[in-house]
Structure formats: structure tokens, C-alpha cells
Amino acid sequence: MKASLNIILSGGGTGGHIYPALAIARSILEIQSNANILFVGANGRMEMEKIPAAGFTIRGIDIIGLQRKISLKNFFLPFYLLKSIQQVKHILRAFQPDIVIGTGGYVSFPVLLMAQLQNIPTYIQEQNAYAGLANKLLAKRAKKIFVAFENMDMFFPKDKIVFTGNPVRNDLLNLNKEKALQHFQLNSSHPVVLVLGGSLGARSINEAILDNIEYFIQNRVQLIWQMGKNFYSQLSFDVKKKLECPYVVYKEFIYEMDKAYAAADVIISRAGASTIAELCVVSKPSILIPSPNVTDDHQTQNARAMVNQHAAFMIKDAEVNEQLVSTLDHLLKNKTLQDALSKNIQKFSKPEASKNIAQIILQDFNHNSALL
């Protein structure tokens, strides 16, 4: 192996692109501890906070995404793209990467594009069942493309696809329910429902839970509720007063996700690819509510892939208020159904995904280096 290896990882905008990148970075360091890793993200987006908090260095570039609807922002896109390309050139010149890895999101496009133009080996990790535009444009010149769903050759060259599954956090591999319940001050006598809507929060899910909070209280269904920054900040005094009961734990953001997953009997969540990968690893019965506000409606594609294998329930976002509690109640009262969903979703579990991706990239690089 090379004594020192410089690697850039780029991907962001949402946790779905950030957390797989972090998982891959950690797996690379487990194999080659002296690797130098630099992240490149979009200024003003959540990766600029999450990556340093995880202990890694990140450089920001000024880039915006293509708006699929008519928007004034698209008028400025060429300016931002040209500016970001110049910024990436400086980063590549200063850091001299041996490998560049993209995990999706528009920030990865100028980073991988410039690396490819400079003949730096690039690798793509695509989380979704429906490939993102940036990854589709970059696929032809990438060395390998790591995917989590079947039939991805409709988007990418078949000979470059490697089916690995999506990377997940290592702390999800050894869950302890008893300790998790103690952490949240809940008990084992009543079911626990975990509600996730992403780091910013999903308004439709949050409003459905709030509108039906009496269901949880009256039926002694314990609730761990990640509201997200936006919804949490708008809670009134009266609502907070109503939520002060032994059965409800509500937070802006849950940092102890391993404990939240461990405590849960049923999970209600958006259908981002990284979240689904985590649900598969923890193997909990889940109700998926795809966000309607994502490119190409890929969350619906992700959720449908699970539903088609009887591995989860799906509710449309527009129907969540009227269907969520009845679906949840049906699931909580049917232990056989819970067990079936858990068994079926576990079939999709790929706990070694990040390790396998890191091994393939490093072996690939060292094999090619030996040929020089």
C-alpha cells in the first residue's frame, strides 16, 4: 500500500448523502489509518456543520442545484457552476488527491467532473433506486459505481456497477433495547414508536402526530419523536405543555440514533435511501411516508421497492393525516405482522456496505499503482 493516500469525499445537501460519505471515510481509515481525507461540501448546507462535528476537515464551494420547476435560481446556475469549478481546481491543486469519491447531491458534480478531467480516479456511491442527475452525468468516466438497488443498469454502465448496499453507521450493528429504554426513561411494558422526519422535520408527519397525540397518551403508546429544527422551533407553550407526559419524548434532533432504533418497536419515517438502509440493518417494522419534495420522486421509488417485498408499509404524504394512526394501530395490535415485516426487511440488510466499498476502492487503487 502507498505510504500516504489523499482522498476527497464529496456529497451533501441532506443527511442521505452525508452519512454514507462519513461511513465510507471511517471504513477507509480502519483499513488505512494514515489516509488523508478531505470532504468538499456546499457552503451553507448541513454538511458544513455535520462533517466537522464528526471530526473531519471540509472545504466549502459555492454551488446551487438545478431547480426542476421554473425558478429564477436556474438563471444563476451557470455562474455558480463556473465559480465552483474554479474553487474545485484550487482544492485539487492544493490537496493533490489520489482518489475522489462522490456520494451524490449537486455539490459532488463539479468535484468529480474536475477530477475526471484531470484523470484522477473517481468512484460513485448511489443510494437511491432512481439515480440522481449528477451521478448519471458522471457515470461514464467513473471507475466503479456502488449501488443499493437492483436494475441500476438502466442508469449506469452495467460493467461498472457493484451491488454493495448503502453504508450505515457502525453503532447500529449492536443494539441494546434495555439500555435504550433506560436512556429515554421509557419502560418495556408498553410499545415504543419512533417518528423520524429528517433533520429539518417533515411537516405532514409532525402535524399528523400532533393532531393525534391523544391516541398515544390514551393507549399508552410510548413515543420517541424527532421533530426537526423547523417544526420544533414553532411549538407553542400550550403544545409543549400537552406533550409533557411520561409517554412522549420529543426532540429537535436525536443524536443517539442507535438508542432510538434500539428502543423502537415500530418506526415511522420518510423514505430516504440512507434511512431505509438503516431500517434494514435494525430490522424494525416500518411505515414509510415518502417526501413529495425530492427530485424525481425517488423516495417513492425507494419505499415501493420495500413494499413490493412485503418489507414495509407505505402511506402517501397527502394521505398521512387520515391514514397514519389507523395503520399504526393495526400494526401495533398484530405481532405476527410485525415479525413478518422485520424478517422481510432484514433480507435487504447490508451491514458491511461501507467496509466493502472501502476495500474495493483501496484494492483497486493499489492494484493500479502496482502496474505503474
Side-chain angles (χ1 to χ4, degrees), residues 1-12 17-41 51 54-59 88-105 107-127 134-135 137-148 152-153 156-170 173 274 277 350-372:
M1 273 191 177
K2 185 181 172 184
S4 180
L5 190 62
N6 293 342
I7 300 175
I8 284 179
L9 284 113
S10 183
H17 298 307
I18 296 167
Y19 296 123
L22 283 171
I24 293 169
R26 291 184 178 117
S27 291
I28 288 172
L29 290 175
E30 287 177 5
I31 299 170
Q32 189 160 347
S33 60
N34 64 343
N36 300 312
I37 293 179
L38 175 69
F39 283 79
V40 177
I51 299 299
F56 290 94
T57 301
I58 187 167
R59 292 282 304 276
V88 170
K89 283 182 180 179
H90 290 302
I91 293 171
L92 296 181
R93 188 181 306 121
F95 189 69
Q96 294 292 304
D98 299 292
I99 298 167
V100 176
I101 305 166
T103 59
V107 67
S108 68
F109 179 73
V111 180
L112 268 71
L113 176 64
M114 294 313 298
Q116 290 177 348
L117 292 175
Q118 296 183 27
N119 294 316
I120 300 168
T122 60
Y123 296 82
I124 291 171
Q125 197 273 315
E126 171 59 62
Q127 298 97 37
N135 285 347
L137 293 173
L138 295 162
K140 189 175 181 180
R141 298 188 66 172
K143 291 187 69 65
K144 285 185 172 65
I145 303 159
F146 304 104
V147 303
M152 295 303 286
D153 52 344
F156 304 129
K158 192 171 184 178
D159 60 331
K160 297 189 177 187
I161 293 174
V162 184
F163 184 84
T164 58
N166 280 325
V168 297
R169 293 170 271 199
N170 287 336
L173 304 182
S274 292
K350 301 288 182 182
E352 300 293 312
S354 62
K355 180 180 177 181
N356 292 338
I357 290 170
Q359 286 178 333
I360 291 169
I361 290 173
L362 293 174
Q363 289 171 1
D364 204 15
F365 177 79
N366 286 291
H367 173 74
N368 291 334
S369 296
L371 297 177
L372 296 177

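Residues take their numbers from the sequence shown, with the count starting at 1.
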Looking at [X] and [Y], what are the two nearest heavy atoms and their distance?
X	Y	answer
Ala134	Gly105	CB-O, 4.1 Å
Gly41	Val107	C-CG2, 3.3 Å
Gly12	His17	O-CD2, 3.2 Å
Ala25	Leu9	CB-CD1, 4.0 Å

Minimum side-chain heavy-atom gap [X]-[Y] below 4.5 Å:
X	Y	result
Leu22	Arg169	no
Ile7	Gln32	no
Leu92	Ile8	yes
Lys350	Phe163	yes

Could you state the interatomic distance from [atom1] ([X]) to [atom2] ([Y]), rounded to the nearest 0.5 Å?
X	Y	atom1	atom2	result
Met152	Ile145	CE	CD1	9.0 Å
Glu352	Leu173	CD	CG	7.0 Å
Asn135	Gln127	CG	CD	7.5 Å
Ile101	Ile124	CD1	CD1	11.5 Å
Phe365	Asp98	CZ	CG	4.0 Å

Under the side-chain hydrogen bond (donor to acceptor under 3.5 Å, both in side chains) test, which residues partner [X], sequence neighbours left out?
X	value
Arg59	none
Ser354	Ser27
Ser274	none
Asn36	Ser4, Asn6

Item to check | Sequence-distant partners of Gln359, side chain to side chain contact (heavy atoms under 4.5 Å, CB included), two or more places apart | outcome: Ile31, Lys355, Asn356, Gln363
Checklist outcome for this item: With sequence neighbours left out, the residues meeting side chain to side chain contact (heavy atoms under 4.5 Å, CB included) with Ala148 are Asn166
Next on the checklist: Under the criterion side-chain contact (heavy atoms from CB on, under 4.5 Å), I'd like the reasoning laid out for Ile361 against Gln125: C-alpha separation, chi angles, the key distance, then a yes or no.
Outcome noted: CA-CA 11 Å; Ile361 290 173; Gln125 197 273 315; over 6 Å; no
Next on the checklist: If we check side-chain contact (heavy atoms from CB on, under 4.5 Å) with Ile51, which of these qualifies: Leu38, Val40, Thr57, Ile18?
Outcome noted: Ile18
Item to check | Qualifying residue, where the test is side-chain contact (heavy atoms from CB on, under 4.5 Å) with Tyr123 and the options are Thr103, Val100, Ile360, Ile99 | outcome: Ile99
Item to check | Pair listing, side-chain hydrogen bond (donor to acceptor under 3.5 Å, both in side chains) test, anchored in residues 108-122, at least two apart | outcome: Gln116-Thr122
Checklist outcome for this item: Those residues at least two apart in sequence (or on a different chain) that pass ring pair (Phe, Tyr, Trp, His ring centres under 6.0 Å) with Phe39 are Phe56
Item to check | Lys160 side chain vs Ala142 backbone, donor-acceptor pair below 3.5 Å | outcome: yes
Item to check | Partner residues of Lys144 under the salt bridge (Lys or Arg N to Asp or Glu O under 4.0 Å) criterion, sequence neighbours left out | outcome: Asp364
